[in-house]
Structures are given as structure tokens and as C-alpha cells.
Amino acid sequence: MLTFVTKVNHCFLIHTTLQTGRIEIIYGCMFSGKTKELIRRLKSAKDKHQKTLIVKPQIDDRYDINRIVSHDRHSLGCLPIESSQEIINYSKGVSIVGIDETQFFDDNITAVCQELVSNGIRVIAAGLDMDYKRKPFGAMPQLLSIADQVTKLSANCHSCGQPANYTYRLADGDQQIMLGEKKEYEARCKNCYEK
Ligand code: ZN
């Protein structure tokens, strides 16, 4: 619900209108600034006193389990969630739901986002579009296809400095999900990825 106040003949009139739900996706490789952009949009909403719910998958405990944290250490408090369906339970009365590391959620996250939208909620979800093998990650392809607005971000290639869209794994291990930081991963352009 959005509230507007107008002044007519020295009287203040309060109007309320139902917010239209929408899905915004912020995506790209590691170190492309996805969480930083998510935090920027959520802070802007908080400044307008819009009620927000911020969640991330419970498995992401790299910095702080109760905060979403960008690589340049900006952060906001969040709720760690195990199953995407829990988001619906916590979203009563909120205008905006922010989701970080969306690629780690179960496939039901797409239906959850659609339900949030039908409840008039603005969903802002950030995530990796591809894993370290350049394969589509989790439910991100489905979410990108139903999104109202998408923002693809690039990093700087750690080898040559050109725009980079791929996440290169330095560490051993071939499982799709392996949490890591700059010791384990680099952003690379196509040429440097294939070298
Ligand atoms: Zn490069």
C-alpha cells in the first residue's frame, strides 16, 4: 500500500493506492557489484519509509549470517532463510522484498516471487546468472525470463582489466556450490577465462 498526501484548500487529503508488484533482477558474475546495487535500491526504499524484508539463503555465511554484505563491505540486516517458501510467511505487510544470492535458493523461488508480485510487492533479487563452468545457475534463467526489469553488471577482469562476465574458480573442487571469496574465485573476461 502506498500513501500520498495532497493539500486542497488548506486541507490535507490522504490517498492510498495499491502498489503494483514487479520483479527486478540484478545479475552478473562474482565481484560485479550485485549486492552493492541491491543495497543501494533497498536503502533508497528505506529512506522513503517503505517497509522492506531482506533475505538470503542460510548457506551463505561468508561475512555475517544476519547481514547482506557487498565486497566493499556495505551491509544491511537480513533474515537467513532455508526454504524459499518461508519468504511468503515473512512478507505480510511489506512493500519490498530484497533477495541476495538468489541462485542458491530452491527452484520454488520463481513461484514465490510471482506470488509476492500478485500481492503487490516489489521484488528486487540479486544473483549469479552462471556458475564457474558458465552454466545457468539455479532458478536464475526462469526469474530473468519473467522479470519486469533486468540489470546485468560486469566486473573488471582480474587478469587484463577488460569487462568480465565470467566467474573463474581458482580453488580445487567441481561441485557447483562452493562458497568463496577472492582466494577461491576471480572475475574473468572471455579470453582470460579460456586461457
Ligand atoms: Zn581478461
Side-chain angles (χ1 to χ4, degrees), residues 22-45 54-78 80-81 84 97-107 109-110 113 122-195:
R22 58 190 261 112
I23 299 178
E24 299 167 30
I25 307 287
I26 303 162
Y27 70 109
C29 63
M30 280 185 74
F31 312 110
S32 61
K34 299 181 297 298
T35 304
K36 185 179 172 185
E37 173 60 15
L38 175 65
I39 290 172
R40 190 191 68 76
R41 291 186 199 182
L42 291 168
K43 276 191 172 158
S44 160
I54 307 172
V55 300
K56 72 173 180 182
Q58 206 155 38
I59 58 164
D60 181 21
D61 57 358
R62 279 170 295 182
Y63 299 109
D64 183 339
I65 187 75
N66 294 307
R67 299 190 79 76
I68 58 168
V69 185
S70 61
H71 294 293
D72 60 358
R73 297 296 195 271
H74 287 98
S75 73
L76 278 177
C78 77
I81 297 278
S84 61
V97 171
I99 308 171
D100 199 18
E101 303 292 353
T102 309
Q103 77 282 349
F104 291 149
F105 275 108
D106 51 274
D107 287 346
I109 189 76
T110 308
C113 288
R122 176 185 171 201
V123 179
I124 314 172
L128 291 165
D129 49 344
M130 289 177 274
D131 65 12
Y132 78 103
K133 287 180 175 168
R134 300 191 288 186
K135 297 276 185 280
F137 211 146
M140 290 300 286
Q142 284 71 28
L143 283 169
L144 283 164
S145 65
I146 62 164
D148 296 279
Q149 187 203 83
V150 298
T151 305
K152 179 152 187 166
L153 299 174
S154 300
N156 293 323
C157 175
H158 288 190
S159 297
C160 74
Q162 296 289 313
N165 289 323
Y166 303 118
T167 302
Y168 185 86
R169 183 179 285 176
L170 301 164
D172 291 334
D174 60 2
Q175 66 274 40
Q176 187 185 40
I177 296 178
M178 182 202 281
L179 291 170
E181 254 291 324
K182 286 181 176 158
K183 267 197 300 194
E184 291 83 14
Y185 292 100
E186 281 185 356
R188 291 203 182 175
C189 71
K190 189 170 185 294
N191 286 341
C192 297
Y193 181 95
E194 288 170 355
K195 251 179 220 169

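First listed ligand is number 1; within each ligand, the first listed atom is number 1. What you are looking at is a predicted structure, and each value in this text was computed from that prediction instead of being measured.
Using modelled atom types, one finds no donor on one side chain facing an acceptor on the other under 3.5 Å when comparing R40 with T35.
Using a 4.5 Å heavy-atom threshold, the side chains of N165 and S154 count as touching.
Classification of the H71-F31 ring pair by plane angle, with boundaries at 30° and 60°, yields tilted.
Looking only at distances, a side-chain donor or acceptor of Y132 sits under 3.5 Å from a matching main-chain atom of D174.
Here the closest heavy-atom approach between residue I23 and residue C113 is recorded as CD1-CB, 3.9 Å.
Inspection of the environment of the Zn ion (ligand 1) yields the following protein N, O or S atoms under 2.8 Å: C157 SG, C160 SG, C189 SG, C192 SG.
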Taking only distance into account, with no hydrogens and no angle test, what donor-acceptor pairs under 3.5 Å do side-chain atoms of residues 156-164 form with protein atoms, sequence neighbours excluded?
none

